[in-house]
Amino acid sequence: MSAGVIKLSRLLELRVEAEDGTPVGRVHDVRVRRVDGRYEVEGLIVGPRGLLVRLGWRRARQRDVLAWKDVMAVDPDRLVVRRANSSARRM
Amino acid sequence: MVACGCALLAGCGPLDRAELGRGVESLSALAAEGQLLADGVVQDRTRSTHTRVHAGTLAGDAAHEAQKLADATVEAGADRERDEAVAVAQRLDDALGELETFPGGERTAANVHRALTKIQALGDHRGHADDLERLAGRIKDGA
Amino acid sequence: MDERFDLVYRLLDDQLVDVDGRRCGRVDDVELTGAAGEPLVVTGLLTGRGAYAARLPARWRRLARALFGRDVRGSTARRVPWTEVSDVGVTVALRRRAADLGLDGDDWRPLDRVPGG
Amino acid sequence: MKAVLQIALGIIAAIGGFVDIGDLVFNSQAGAVFGYELMWAVPIGVLGIGLYAEMCGRVAAVTKRPVFDVIRMRLGLTTGLIVLVASLFVNLLTVAAEIGGVGLLLQLFFDAPFTLFALLGALALATIIWFVPFEGLERLFGYAGLALFVFVAAALYLGPDWHSVARGFVPEAKSSTLYWYFVVGLVAAALMPYEVYFYSSGAVEERWGPGDLRVNRLNAVIGYGIGGLLSLGIMVSAAQLFAPAGVSPDHLGTVPLLAQVPFGETGLLLALLGMLFAIGGAAVDASFAGAYSIAQFAGWEWGKYRRASGAPRFTLAWLLFFALGLIVLMTGIDPLDLTEYSVVLSVVALPLTYLPVLLIARDRTFMGDHVNGAIAGSLGWVYFVVLVVVAVVAIPLLLATNAGAG
C-alpha cells in the first residue's frame, strides 16, 4: 500500500484509544467536509451513539465528532487520539 | 401432512398407540375426501381428469399408510388393531384405485362411495364409523 | 454534492451510476489519502467483490478471500478516482461511461444472440 | 385515467403475488383443522404486508431505492450479506414450491407425469417472462388469478355460520402448538418478503415518483386487502366443507374441491385456473425477487425494462432461479412440504429485511417530508415487534409440530 493511503474499511475496524490508553470506542462513520474543491476528513464519529447515527436513528451532533486533527497516530490495530474528546468520553 | 411424519424423523421407533391412532385418523380423512370425489362423479359435476389424478394421489397415500403400518413394529398388545388398520388401509387403496381407473363411471363411483361410507360410516362425521371410528376408539381405550 | 456528509451513511455501499445512467456496481470501499496530523482527503472509490474481504469481520477474512477473491486491482476490484465522481445524491453519479472506467462487469454478452434477449 | 390503471396494476400485483401456494395451503388447512378459529391471523398478515409494501413503495418512489438497495445501504456489507444469503435460500425454496404447484395443477388439468409438467411449467414461465413485457406479465397472471374469487363465492354459497365467523376474528389464545404453528404460518404466508422485493423493484422500474404516493397507498390498501379476502374465502369454505367431513387438505388437488362441491365442474375449472395463474405468477415474482436481490446488492444493472442484453447477469440470475427450483423439485420433496418450509423460514429472515426499510422510511435525510406519518411510524414499530416475535417462535413451532403434521 502506497504510503498515506488508508481505506475507510480499515478506519472502521480500528479501536480508538486516547493517549493514556483509555478506550474511546469504535469508528462508526467518518465525516468529510468540502475544503477548496476536495473532501477532507473533518472527524470521526465514535462511540455507541455513533452506531445509532449510522443506522439513521439519531443525527450526529457536532460534538459527537472526534476531530481528525486530534488523531495522533494510525497504528496497525488502533487509532491514538491526542486527548479524549470530552463528548466522546461521556458516551 | 399425511406424508409419513415418521420418515422425517431419523428412523421410526416402535409405533405407539398415539401414532397408530393418528394413522387411523389420516385413513378416515382419506376416506372422507374420497367420498367428496366420488360424490362429484355420481352427480356428474366434476372433471374426470381431476378425479383420476387426485384419486390416484389419495390411493397412493392409503397404500403408503398401509405399508408404513405393516412395516412398523407396534407397541405390545396393539398388534390386532394394527393388522386391522392395515386391512382397512388396503380396502381404502382398492376403493380409491377403482375411482382412479373409472373416473367417469357414475355406477363405479356409487359403489366406491358405498365402500368408503362403510369404511368411514360418514352418516355425520361425529357418528360411529363401524370400521375406522370403532378401531380408533379401541386404540384410544387400549392406551 | 453536499458541503458536509458522512461517508458510511451517504457514500459507502451506495449505487454507482455512469454518465449514461447505467448501474455499474457499488461503493465497496473508500480510499483516503493523508496521515495523522495532516489532512486526510477522499481520493478514490473501490468497487468489486475483491474489496469485500477487507470489510468483513477479521475472523471471516480468509473465507471471504476464498469466496470473493483477493483485492486484485483491475480484476476483482477497481479503483475509481474521486475526480470521476460528479455527484453523491440518491446514487453516486460518475462523469464517464462504465466501460471507460472498466466498470462494466456486464461486458460478456452471451444473451445477445438469443432472440428477444 | 393513469391512476385507475395504476390501481389495476396494484390489484393485479397483489393477487398475482399475494395469493400463492403458501396462502392456499395454510388457509385451506387452517380452515380444515380449526374451522373459523384462526380467521384473526389473516388480517394481521394482510395489514403487515400492506404496511410494509406501502413503505417500500414510498421509499422506492421518493429515493429510487428498492428493498435490497436499502438493506445494503443501511445494514452495510456484513449484515447485508447474511440477509442476502438467507433470503436467497428461502427464495429458492419458494420458487421450487411454486413451480411444483404449477406442475401439480397442470397434472390435474391434463393428467401426465408431474415431473414432466414441472419442467414444462418452468419452461413456459421462462418463455413468457422472456417475451412478454413487464406490464403484460402482471396483467396476464393477475387477471387470471381473479378466478380465485370462486372460493369467496363458495364460502358465501355454503352459508357460513356468521356468528362463529365473527368470533373467529377475535384472537384467542389456545394451548395447542399446532394452533400457534398455523397462526405463524398464516401471518408468514401473507407476509412473504419476495412480494415486496418485486413490488418495490417494480416501482423503481416504472420510474415512480412522489406523485405516485397516493397510488402506492391505494395499492397497499386495495391490492393487499383483496388478497386477504381471497385467503379468508379459502379458509371459510374449508371450515364449512373440510372441517365437518374430517378432510385434511394435504395435497393441492384437494383445495379445488372447495369450489367443485358447491359449483360443480365450472367451480372446479375456475379454482384450478385461478390457482394455476396465482401460483404461476408467484413463481415469476419469486424468481425475479431473487434476481433483484442479488443484482441490487451487488450493484449490477437490473430490471425487466432493460432488455436481457442490457442486464445479462440479472437475466441469468432469474433463469438460474428457475433451474435451481426445478433441481430442488427433482429431489422428490413434496411441493407442499417445500411450501411450509419456505413460508415459515421466510418469516425468520423478515425482521432484518423489514428494519432497514423502516429506518429509511423515517429518515428525513432521504425521504424529506415523505417520512413516515404518525400512523405508519407507530404501526411500523408495532409490526417490527410482531415480526421479531413471529420470527423467534417460527422454527421451534415448525419442529414441534413436524411441519404441521401435528
Side-chain angles (χ1 to χ4, degrees), chain A residues 1-16 19 26-46 50-62 64-82, chain C residues 1-14 26-61 64-65 68 70-73 77-88 92:
Chain A
M1 265 201 346
S2 57
V5 169
I6 306 170
K7 285 203 278 190
L8 174 60
S9 52
R10 186 151 166 264
L11 282 182
L12 296 175
E13 215 177 20
L14 297 176
R15 293 191 328 275
V16 180
E19 268 175 298
R26 312 247 8 176
V27 175
H28 289 292
D29 213 330
V30 172
R31 173 153 296 175
V32 294
R33 198 164 63 84
R34 194 193 350 244
V35 171
D36 46 59
R38 52 184 203 167
Y39 277 84
E40 284 183 16
V41 171
E42 184 178 60
L44 312 175
I45 298 174
V46 288
L51 182 61
L52 290 180
V53 168
R54 198 176 73 183
L55 281 177
W57 180 256
R58 281 286 176 277
R59 312 269 342 108
R61 294 154 306 185
Q62 204 47 36
D64 294 318
V65 181
L66 189 65
W68 176 253
K69 49 186 172 17
D70 288 340
V71 172
M72 290 176 56
V74 180
D75 294 346
D77 61 349
R78 65 188 187 126
L79 266 173
V80 181
V81 179
R82 176 158 298 106
Chain C
M1 215 185 296
D2 291 352
E3 190 56 32
R4 169 185 284 115
F5 63 89
D6 297 343
L7 293 182
V8 175
Y9 185 64
R10 287 300 302 279
L11 184 61
L12 192 61
D13 292 315
D14 204 356
R26 282 188 176 276
V27 177
D28 295 314
D29 213 329
V30 178
E31 183 193 83
L32 304 164
T33 306
E38 304 162 21
L40 186 61
V41 179
V42 175
T43 48
L45 306 177
L46 288 182
T47 179
R49 52 190 168 78
Y52 281 13
R55 300 243 343 253
L56 296 173
R59 59 188 179 288
W60 293 1
R61 201 142 294 161
R65 282 209 187 89
F68 303 114
R70 286 186 10 270
D71 177 355
V72 177
R73 282 311 148 80
R78 283 195 163 64
R79 178 178 180 277
V80 176
W82 180 250
T83 48
E84 291 292 343
V85 173
S86 62
D87 185 24
V88 173
V92 178

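A note on names: the letters A, B, ... follow the listed sequences, proteins ahead of strands, and every chain is numbered from 1. Remember, predicted model here, so these are calculated numbers, not experimental data. Excluded from the calculations below are hydrogen atoms, water molecules and symmetry mates; all remaining heavy atoms, backbone and side chain alike, are included.
Proximity to chain A (any heavy atom under 4.5 Å) is shown, for C:L11, by neither the backbone nor the side chain. Contacts of C:A51 with chain A are absent, with no heavy-atom separation under 4.5 Å from either backbone or side chain. For C:D28, no part sits under 4.5 Å from any heavy atom of chain A, backbone or side chain. The part of C:L56 that comes within reach of chain A is its backbone (N, CA, C, O), which places non-hydrogen atoms under 4.5 angstrom from that chain. Residue contact with chain C, scored on non-hydrogen atoms closer than 4.5 Å, is absent for A:L79. Only the backbone of C:A35 comes within contact range of chain A, judged by heavy atoms closer than 4.5 Å.
Residue with the most contacts toward chain A among C:T43, C:V42, C:T83: C:V42 (heavy-atom pairs, distance under 4.5 Å).
Distance OG1/C:T33 to CZ/A:R38: 9.5 Å, rounded to 0.5 Å. Rounding to the nearest 0.5 angstrom, the gap separating the CZ atom in C:R4 from the CD atom in A:E42 is 4.0 Å. Distance check, rounded to the nearest 0.5 Å: CZ of A:R31 to OH of C:Y9 gives 10.5 Å.
The shortest distance between side-chain heavy atoms of C:L40 and A:L11 falls below 4.5 Å. With contacts defined as side-chain heavy-atom distances shorter than 4.5 Å, the pair C:V30/A:V30 does not qualify.
With respect to A:E13, the salt bridge (charged side-chain N to carboxylate O under 4.0 Å, His left out) criterion is satisfied by exactly one of C:R61, C:R59, C:R55: C:R61.
Summarising the geometry of C:V8 relative to A:D29, their closest heavy-atom pair is N-OD1, 2.7 Å, with the distance given to 0.1 Å. Between C:D29 and A:L8, the closest heavy-atom pair is OD1-N, 3.4 Å. Residues A:I6 and C:G34 share a closest heavy-atom pair of CD1-O, 4.1 Å.
When the shell of 6.0 Å around CZ of C:R73 is examined, it contains more than 12 heavy atoms from other residues, nucleotides or ligands.
Ring geometry, C:W82 versus A:Y39: the interplanar angle exceeds 60°, so the pair is classed perpendicular (tilted spans 30 to 60°).
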